[in-house]
J.: 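Dumping the structure here so I can ask a few things about it.
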Amino acid sequence: MTTAFEDEVKDCLVIGGGPAGLTAAIYLARYHLSVTVFHDNSSRASIIPMSHNHAGFPCGISGTELLARMNAQAQLYGAAIRCRKITTLHRVDNLFVAEFENGRIRSRAILLATGVVNRPPAMPQATHDEAVVRGLLRYCPVCDGYEVTDKPVGVLGTGAKGFKEAVFLRSYTKDLTLISPEGVHDLSEVETSSLAHLGIRMGVGPIASTYLDNDTIRVTTPTETYSFASLYAALGSDICSELASQVGARLSEEGCVTVDSHQRTTVPGFYAAGDVVAGLDQISHAMGQAGVAATTIRNDLSEQATLVRC
């Protein structure tokens, strides 16, 4: 089967269909630039059952509804949305060439908004998905710590990340247990002492089984069974920055794409926004970065050839 170029060279190709990518697409389309968004339905926003800290939605909004609204808004102004995974990215004759299954597309600029992927606890996928939908399993205390106020909460993690997440959640509830994901905790004496001082219990994993009750998640370890209103997974995440590496953009030690204050990477014409960039992993933050990135892209393209309305 042949692989063919799409005929038109786009002004900008947005890779990633989450809040950052779609915000950028709305801006770019309203700048009268030709823009296509490629996504593979992997945005973390899609698994948010209900966001209560996104401004303008006092009663909350689900991730799927927010994305649907943003998709419709981007398309209203002329952005194209394609459900295809970009597998390869490189430069040819001052243009970017993005390849996907059975096709390639060329663009003057690229905005990478591929985000990160959470590392899930060891449990059946169906159990995991149901627990997330019901708010029994959570990944972001910044997003929804308020919802667990004064409730029994578990944190699955250890080391600096597990320690910091447990301490962060202590401002919401006094009923906290930090469970190690594998065996004994990897904590310093200072961290262990701090947890004890704050009244945060420590449990030893791994989790042997998980059961979802009406309003609790029951977690069994080799030594104990716990019942929590919510379990937070503090296991880290994997940054989706492979395409940035392919074009030679600089990455941080953690794998985040390095950008300047205008979301430019170290490769001319290549920009990044959202969770793939180091920062606060929040919808509002991603959208703000995307607005900056889209405006920078517009202005940088106009430096190459002044944008005028015919």
Side-chain angles (χ1 to χ4, degrees), residues 16-27 37 39 41-76 81 113-121 123 125-156 165-166 168-176 210 212-218 227-235 237 273-277 279-291:
L22 293 173
T23 297
I26 292 167
Y27 273 66
V37 178
H39 71 94
N41 282 322
S42 63
S43 170
R44 286 198 300 172
S46 65
I47 67 170
I48 298 172
M50 190 65 64
S51 174
H52 293 281
N53 71 340
H54 188 49
F57 297 94
C59 295
I61 184 170
S62 70
T64 53
E65 183 180 355
L66 179 64
L67 292 177
R69 291 187 182 203
M70 295 181 74
N71 266 278
Q73 188 173 356
Q75 292 178 83
L76 175 67
I81 311 289
T114 43
V116 304
V117 177
N118 293 321
R119 295 172 188 161
M123 63 177 65
Q125 189 65 46
T127 302
H128 171 277
D129 295 348
E130 182 183 351
V132 170
V133 168
R134 293 170 57 187
L136 300 176
L137 176 64
R138 301 177 184 269
Y139 284 95
C140 179
V142 174
C143 306
D144 49 33
Y146 184 89
E147 275 63 54
V148 301
T149 298
D150 296 331
K151 296 178 180 180
V153 173
V155 177
L156 182 63
E165 190 141 321
F168 184 91
L169 281 160
R170 185 62 180 83
S171 65
Y172 293 100
T173 180
K174 64 181 180 181
D175 193 345
L176 268 173
T210 307
L212 308 183
D213 252 333
N214 289 333
D215 56 359
T216 59
I217 180 170
R218 279 193 283 163
S227 184
F228 301 122
S230 287
L231 175 68
Y232 277 87
L235 303 173
S237 57
D275 296 349
V276 75
V277 174
L280 186 64
D281 287 2
Q282 290 288 290
I283 292 173
S284 58
H285 189 64
M287 293 171 73
Q289 286 185 331

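In what follows, every heavy atom counts, from backbone to side chain, and hydrogens, waters and symmetry copies are set aside. Note that the structure is predicted; figures quoted are calculated from it, not measured.
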J.: What are the two closest non-hydrogen atoms of Asp275 and Leu280, and how far apart are they?
T.: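 Nearest heavy atoms, Asp275 then Leu280: OD1-O, 4.4 Å.
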J.: How long is the span from the CZ atom in Phe57 to the CD atom in Glu65, to the nearest 0.5 Å?
T.: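 Reported value, rounded in 0.5 Å steps: 7.0 Å.
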J.: Report yes or no: does Arg134 contribute a side-chain atom to a donor-acceptor pair with the main-chain N or O of Pro49 at less than 3.5 Å?
T.: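 Side chain of Arg134 to backbone of Pro49: no pair is present.
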J.: Starting from the C-alpha separation in whole Å, work towards a yes-or-no answer on side chain to side chain contact (heavy atoms under 4.5 Å, CB included) for Val148 and Phe228.
T.: CA-CA 10 Å; Val148 301; Phe228 301 122; over 6 Å; no
J.: State, to 0.1 Å, how close Val276 and Ala273 come at their nearest heavy-atom pair, and which atoms those are.
T.: CG1-O, 3.7 Å
J.: Return the CG to NE2 distance between Asn71 and His39, rounded to the nearest 0.5 Å.
T.: 6.0 Å
J.: Heavy-atom distance under 4.5 Å between the side chains of Leu137 and Pro121, does that happen here?
T.: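 A side-chain contact exists here, since the closest heavy-atom pair is under 4.5 Å.
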J.: Closest approach of Ser43 and Leu67, non-hydrogen atoms and distance?
T.: OG-CD1, 4.1 Å
J.: Looking at Thr23 and Ala20, would you say the former's side chain and the latter's main chain have a donor-acceptor pair under 3.5 Å?
T.: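 The answer is no, because no donor-acceptor pair under 3.5 Å joins these two groups.
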J.: Which value, rounded to the nearest 0.5 Å, describes the distance between Ile217 atom CD1 and Thr210 atom OG1?
T.: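 Taking CD1 in Ile217 and OG1 in Thr210, the distance rounds to 5.5 Å.
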J.: Walk me through it: do Arg138 and Glu147 pass the test side chain to side chain contact (heavy atoms under 4.5 Å, CB included)?
T.: CA-CA 11 Å; Arg138 301 177 184 269; Glu147 275 63 54; 3.9 Å; yes
J.: Shortest non-hydrogen contact from Ser46 to Thr64?
T.: O-CG2, 3.4 Å
J.: Looking at every heavy atom in both Cys59 and Met50, which two are closest together, and how far apart are they?
T.: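 Minimum heavy-atom separation between Cys59 and Met50: O-SD, 4.3 Å.
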J.: Going through the distances and angles, do Asp281 and Val142 end up as a side chain to side chain contact (heavy atoms under 4.5 Å, CB included)?
T.: CA-CA 9 Å; Asp281 287 2; Val142 174; over 6 Å; no
J.: Quick check for you: to the nearest 0.5 Å, what is the distance between Leu212 atom CG and Arg218 atom CZ?
T.: 10.0 Å
J.: Is the number of heavy atoms from other residues, nucleotides or ligands under 6.0 Å of Tyr146 OH greater than 12?
T.: no
J.: Main chain of Gly135, side chain of Ser230: is a donor-acceptor contact present, judged purely on distance under 3.5 Å?
T.: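 A pair under 3.5 Å: yes.
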J.: What is the minimum heavy-atom distance between Met287 and His54, and which atoms define it?
T.: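 Distance-wise, the nearest heavy atoms are SD-CE1, 3.6 Å.
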J.: Mind telling me whether Phe168 and Tyr172 have parallel, tilted or perpendicular rings, with 30° and 60° as the class edges?
T.: tilted
J.: Please confirm whether the backbone N or O of Asp213 pairs with a side-chain atom of Thr216, one donor and one acceptor, at under 3.5 Å?
T.: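 No: the side chain of Thr216 does not pair with the backbone of Asp213.
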J.: Mind checking the CG-CD1 spacing from Leu22 to Ile81? Nearest 0.5 Å is all I need.
T.: 5.5 Å
J.: Return the CD1 to CZ distance between Ile61 and Arg69, rounded to the nearest 0.5 Å.
T.: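 The CD1 atom of Ile61 sits 4.5 Å away from the CZ atom of Arg69.
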J.: Could you please spell out the steps behind the side chain to side chain contact (heavy atoms under 4.5 Å, CB included) verdict for Ile283 and Leu66?
T.: CA-CA 10 Å; Ile283 292 173; Leu66 179 64; 3.9 Å; yes
J.: Do Tyr232 and Leu176 make a side-chain contact, defined as non-hydrogen atoms from C-beta onward lying under 4.5 Å apart?
T.: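 Result no, sub-4.5 Å side-chain heavy-atom pair not found.
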J.: Measure the shortest side-chain to side-chain distance between Cys140 and Gln282 over non-hydrogen atoms and say whether it is less than 4.5 angstrom.
T.: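 Heavy-atom side-chain distance check passes, below 4.5 Å.
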